[in-house]
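Presented below is the structure to which this report refers.
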Amino acid sequence: MKKSHEQTSLLDPSILNAAIRESVRKLSPALMVRNPVMFIVEVGCVLTTALFVRDLLGASPAGAPPLWFTGWITVWLWFTVMFANFAEAMAEGRGKAQADSLRRMRHEITARRVSGDAPTSGGEERVPASALRKGDLVVCEAGDFIPGDGDVIEGIAFVDESAITGESAPVIRESGGDRSAVTGGTRVLSDRVVVRISVDPGCSFLDRMIGLVEGSSRQKTPNELALHILLVGLTFVFLVVCVTLVPMAAYAGVALSPTILVALLVCLIPTTIGGLLSAIGIAGMDRLLRKNVLAMSGRAVEAAGDVDTLMLDKTGTITLGNRVAVAIFPVRGVLTGELAEASQLASLADETPEGRSIVVFLKETYALRAREIGELEATFVPFTAQTRMSGCDLPGRQLRKGAVEAVMEHVRRLGGEVPPEAGEIAGRIADEGGTPLAVADGARLLGIIHLKDMVKDGIRERFERFRMMGIKTVMITGDNPRTAAAVGREAGVDDVLAEATPETKVGFIRAEQARGKLVAMTGDGTNDAPALAQADVGVAMNTGTQAAKEAGNMIDLDSNPTKLLEVVEIGKQLLMTRGALTTFSIANDLAKYFAILPAMFGRAYPEILPLNVMRLASPESAILSAVIFNALIIMALIPLALRGVEYRPLSAERLLPRLMGIYGLGGVIAPFLGIKGIDLVLVAVGLA
Amino acid sequence: MEILAVIKLTLFCIILLLLVRPVGGYLYRVFESRERPLLAVFGPLERASEFLCGVEFSKEQSWSEYAGSLLAFSACSLLVTYLILRCQQWLPLNDGHLPGLSPALAFNTAVSFATNTNWQAYTGETTMSLFSQTVGLAWHNFLSAAVGFCAFLGFARGLLRAYPAGQKRTMGNFWADLTRGLLYVFIPFCLILSLLYVAVGVPQTFVSSLPIRTLEGKTVALPLGPVASQEAIKILGVNGGGFFNANSAHPFENPTPVSNLLTMWAILLIPAGSTYLFGLMAGNTRQGWGLLAAMLLIFLTGALVCMNAEGKAPPWCGELKVDGAAGNLEGKEVRFGAFDSALFAVVTTGASCGAVNSMHDSFSPLGGLVPLLMMQLGEIVFGGVGSGIYGMIVFALLSVFVAGLMVGRTPEYLAKKIDVREMKIVMIYLLIFPTLVLALSGWSAVAPYALSALANKGPHGFSEILYAYSSAVGNNGSAFAGLDADTSWFNGTLGFAMLAGRFWMMIPILALGGSFALKRTVPVGPGTFPTDGLLFVLLLVSIILIFGALTFFPPLMLGPVLEQFLAAAGRGF
């Protein structure tokens, strides 16, 4: 069961308190300067605070706005900055909590290092884990913590990886093959393994993971940077607008107070998206992590949103991976009931998934009850690689089932005839992507059992969703093209890469990329590593080999290949959230102009007061309402920024009008209502 | 508003739309196909200029080479004109023994013509010799327009071409584009338009003045000249510098409502046709129609507001016992009337032309706000030759970036992704215009040496300043009048504004084309943000309006909007 990466509530008090403390610490100009939009707001805060202090000391010049007004504007401007900081701190807070629990695992482990080269030869010495270097060999026995990342080179063991994956069921790690990688900090539960350490201290998986979840190694992603430039540009142009307004107003005989100018500037620059931008990015990584996917860079998450082609392994991803019986075909002259009975008897003692599925199928379809093998006085004949058959011997009967050729050979050896249609049936089944098994009773070949690798429930619908999003799915399989095509049709994939080898996989990815497509793939084996490295988004399974994990740019801790689908959705959600909030933020400006400009010039030119379309009570309350709205909207949108805009698999043409309506039109209308509402409250409490 | 005016506007637009396809198709054949039209006529001329220039036209240039050629060419032509204007007194064809221009005025005028602005701080008849007019200025009408078109061609090629791996990322040859623009487009188009002008009564003669006896029995010299041909390129190249100071209000430049209509179509001909050319270059003409639809939507809104405002009787009619039934006729030619003058104002300001057939200064405040806003949107509502469409495409890029994120993909336009570098250039391009206009207007609003040149005080005076700088940076060239622009402050700053508004925007545009040229093309699929539908058109229009409105809302409020409210309350300026 999951224990660590559970969804943390937005209102977790410990995170909340830490975030409030963090948002004060983040006021430091050295940190603020990284976000020019909010830095401008902070500079404005300092300016109005100074004006407030000046007015408080009674040194205000004639025509300065009232003291209470400057005071409240200052307070709400500080809130604006704090709210933006709070959003970022909240996003980081959830990652930090997780990093702390990971860090606790990093306590000093004593490693049993093998002296000498060969694992068997030398003795052992006890050294601290931090002294281990790449290439060292260590021994781990039941109860030991694995001191560092590496590959098992000898032995097999159950390992508890719950600390990293949150999955409490232990996993098997063994030398050779695709399950050899072990992670430092996990615990060996049984047996003994020898591990070759593959990283130097400080660059282990755990270290990287802590860095990633904490956001300390976070760099701005390309799209985030581009948006950042847009926001800085807008901020610059509004700065010019506000600064040049001073001489223009002077021409019209209006002396603008700096407080009001700062208020206008802060309302116009895109503080909503500027304040929430980094929170959106951090929250996206965090969402991915809560799905138990570790992205090595934000860039990869963003690329996932752009993916055009998904490459998925057939076995285990698209199909369940174990074959089940779906039909039986008797040869001419044999009754179906006879074949069913023989098939059941031949499979009763067969404990493999295929064998059981035959018994279950026959029970469900032909109401043949399972019988105890002991009652029948049967002797079980197990499957061997030489005979490629299994079955049982009853008194007077020899029941066998197995690979079609092997059973035919068996029948001929016993002097029986092989009916010609048996080969035809078997061929047809193979063409449909299934596996044929022949059943024989003594020298009679009775018929064929159709075993099929079942396509997972719901996978077709998932592919359908991807097609709607414009993403092509490709199934990779080692099967021959005909079988592959049959399975592909059933699963609803767009394309099939049959008889795949590492070279053909890489070649296929390159060909797609040459046409400008972005390719994502999942893999676990060492032979997937080149393709994972070539793909734009490579998701390696945590159970996979070290080579695969290093080649990919994401690691799925659950080792569930369909996770790719969720990765893509999160990548898209990340961009959508940014787009939605940017649109909203810019659309907001219209209402703020209508609130602030009449307030600025209404005293000198009462003729323009019809522009005060919201009928705000007074110039002071109008400006204050706009500033308060601007601050509160950041707070109100924090949950959206952290959660992300709801994702629906629709084509761009259908998605866009929806979102434009909500965030574009909504962004124009909401502030008119909000500012008017705040103005009414201000009047009610007697502030204006 | 009169129903007749609406019908006229509708007909005007329909005929304009009918012209888009043939013109765009012709431009495409000239610049993008091997089978250029009328090769038998122009081919030899083209090869001759290729030989004379010493440039191989088939040798393509990278964006920096292209921009370098463009800048070098413009700089040389600017310098030559500056020297001609300064040394006017020693040069031939100076019958009136006119002196050389002051350095500030010569700079301002040379820049003005080299940047396709044609802002005229002088009175042509009394300042310029015939040599200066023809050798110094007239050829700029052709060249500056062609240069603008070259910038668009280079940019569009970089944006739209799919470069196979390993191929040099080139975007055409500036000298070839310039020569072909002149030979195949501007010269023949002007020839046809000149003949049409002559047909409707515009004089075309080498007699420079005609002595006539007036009704009072005095003899006066009536200035004449090759007006029709001058007029043709002034309009087609959206230059706007008139033969006479009264520009298109002068009866010899624009004698009848028919010539007026002809002029308006001719102004919009190439800018509107360029959208179809762009669609053809993109391999999807809907892309071009989309941009055209956005332009048309803004244009129609502006035209309706302006025509409606000018069609109303001005508030002072009752007081002065004037019949206001024909609308606000102050500063307008009676032969055009309020509606045609208002429509002309919207056409000329939206298209960066600057020819005027009425005094925009005398428009009602709201009516004057429309031409002002048309320029402040960035001269993209059809816009200048080349510059209108590339400005529009920059807004399309901005729209795609803002809203394109919402479909969950890295924003892309016409199969090229918009990344950090492109966004940087887009922002630079978009920031230059408002920054220059606002900073220079703000400065002038309080500087005594600037204020002394104002004819009007109050919000109207501020509108005059704002109009002058918007016109200069937008390379429009029309004036709100009322401003004595021939002072060293205005000559200098407006000259700088015109230069910056032209080349500080053209270089980023070419760099943007160069940047897109480096990108690989992305296949278009159902997840792609569609940029040829109604939704995109509406989005584009909102982004343009929001960007224009948000940056110019405060100054517009202190100018025309305030004036409108004051006028409504009975306070005029």
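Looking at B/Lys519, there are no atoms closer than 4.5 Å to chain A (heavy atoms on both sides), in backbone or side chain. Proximity to chain B involves both the backbone and the side chain of A/Ile586, based on heavy atoms less than 4.5 angstrom apart. For a residue to count as touching a neighbouring chain, one of its non-hydrogen atoms must lie under 4.5 Å from one of that chain's; by this rule B/Leu535 touches chain A with the side chain only. Neither the backbone nor the side chain of A/Leu264 comes within contact range of chain B; no heavy atom of the residue lies under 4.5 Å from a heavy atom of that chain. Contacts between A/Ile608 and chain B at a heavy-atom distance below 4.5 Å involve backbone atoms as well as side-chain atoms. In this structure, chain B has a heavy atom under 4.5 Å from the side chain of A/Phe238, while its backbone stays farther away. For B/Leu431, the part lying near chain A is the side chain, with the backbone staying farther off; criterion is any non-hydrogen pair under 4.5 Å. In this structure, chain B has heavy atoms under 4.5 Å from both the backbone and the side chain of A/Ala580. Only the side chain of B/Phe547 comes within contact range of chain A, with heavy atoms under 4.5 Å apart. For B/Ile543, no part sits under 4.5 Å from any heavy atom of chain A, backbone or side chain. Looking at A/Leu227, both its backbone and its side chain come within 4.5 Å of chain B, counting heavy atoms on both sides. Heavy atoms closer than 4.5 Å to chain A are found in the side chain of B/Leu451, but not in its backbone. Only the side chain of B/Leu558 comes within contact range of chain A, with heavy atoms under 4.5 Å apart. Interface residue B/Met423: backbone and side-chain heavy atoms are both found under 4.5 Å from chain A. Only the side chain of B/Arg520 comes within contact range of chain A, with heavy atoms under 4.5 Å apart. For B/Thr410, the parts lying near chain A are the backbone and the side chain together; criterion is any non-hydrogen pair under 4.5 Å. Neither the backbone nor the side chain of B/Leu545 comes within contact range of chain A; no heavy atoms are under 4.5 Å apart. At a 4.5 Å heavy-atom cutoff, the contact between B/Thr551 and chain A is made by backbone and side-chain atoms alike. Contacts between A/Phe594 and chain B at a heavy-atom distance below 4.5 Å involve the side chain alone, from C-beta outward.
Interface summary for chain A: among B/Gly442, B/Gly559, B/Pro555, the most heavy-atom pairs under 4.5 angstrom belong to B/Gly442. For the set A/Leu230, A/Asp306, A/Val240, A/Val307, the entry with the most heavy-atom pairs within less than 4.5 Å of chain B is A/Asp306. Heavy-atom pairs under 4.5 Å with chain A were tallied for B/Thr435, B/Ile546, B/Leu538, B/Leu466; the largest tally goes to B/Thr435. If you tally non-hydrogen atom pairs under 4.5 Å between each of A/Thr582, A/Val232, A/Thr583 and chain B, the highest count goes to A/Thr583. When each of B/Ala569, B/Ala162, B/Pro554, B/Pro530 is scored by its heavy-atom pairs under 4.5 Å with chain A, the top score falls to B/Pro554.
Here the side chains of A/Asn588 and A/Cys267 are not in contact, with every heavy-atom distance at 4.5 Å or above. For the pair B/Met557/A/Leu611, a side-chain contact is recorded, criterion being any heavy-atom separation below 4.5 Å from C-beta on. Between B/Leu550 and A/Tyr593, the closest side-chain pair of non-hydrogen atoms falls below 4.5 Å. Counting heavy atoms from C-beta on, the side chains of B/Tyr469 and B/Leu436 never come closer than 4.5 Å. Using a 4.5 Å heavy-atom cutoff, the side chains of B/Leu562 and B/Phe462 are not in contact. Looking at heavy atoms from C-beta onward, B/Ile507 lies out of side-chain contact with B/Tyr429 at the 4.5 angstrom threshold. A 4.5 Å side-chain heavy-atom check between B/Glu563 and B/Ser463 finds at least one atom pair inside the cut-off.
Using bins of under 30°, 30° to 60° and over 60° for the plane-to-plane angle, the ring pair B/His460/B/Phe480 lands in the parallel bin. Between B/Trp489 and B/Trp443, the angle of the ring planes stays under 30°, which puts this pair in the parallel group of the 30/60° scheme.
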request  = Go through the steps for B/Gln287 and B/Thr531 under the test side-chain hydrogen bond (donor to acceptor under 3.5 Å, both in side chains), then give the verdict.
outcome  = CA-CA 7 Å; B/Gln287 299 288 350; B/Thr531 53; 2.8 Å; yes
key: Residues B/Glu422, B/Lys416; criterion side-chain contact (heavy atoms from CB on, under 4.5 Å); working and verdict   = CA-CA 10 Å; B/Glu422 290 75 41; B/Lys416 298 264 173 103; over 6 Å; no
Verdict with reasoning, A/Glu464 to A/Arg467, per salt bridge (Lys or Arg N to Asp or Glu O under 4.0 Å) = CA-CA 5 Å; A/Glu464 188 54 41; A/Arg467 204 163 299 115; 2.8 Å; yes
Test salt bridge (Lys or Arg N to Asp or Glu O under 4.0 Å) applied to A/Asp308 and B/Arg409, step by step = CA-CA 10 Å; A/Asp308 302 286; B/Arg409 271 175 85 98; 3.3 Å; yes
ask   = Can you list the steps and then say if B/Phe529 with B/Phe401 is a ring pair (Phe, Tyr, Trp, His ring centres under 6.0 Å)?
value = CA-CA 10 Å; B/Phe529 182 97; B/Phe401 186 81; over 10 Å; no
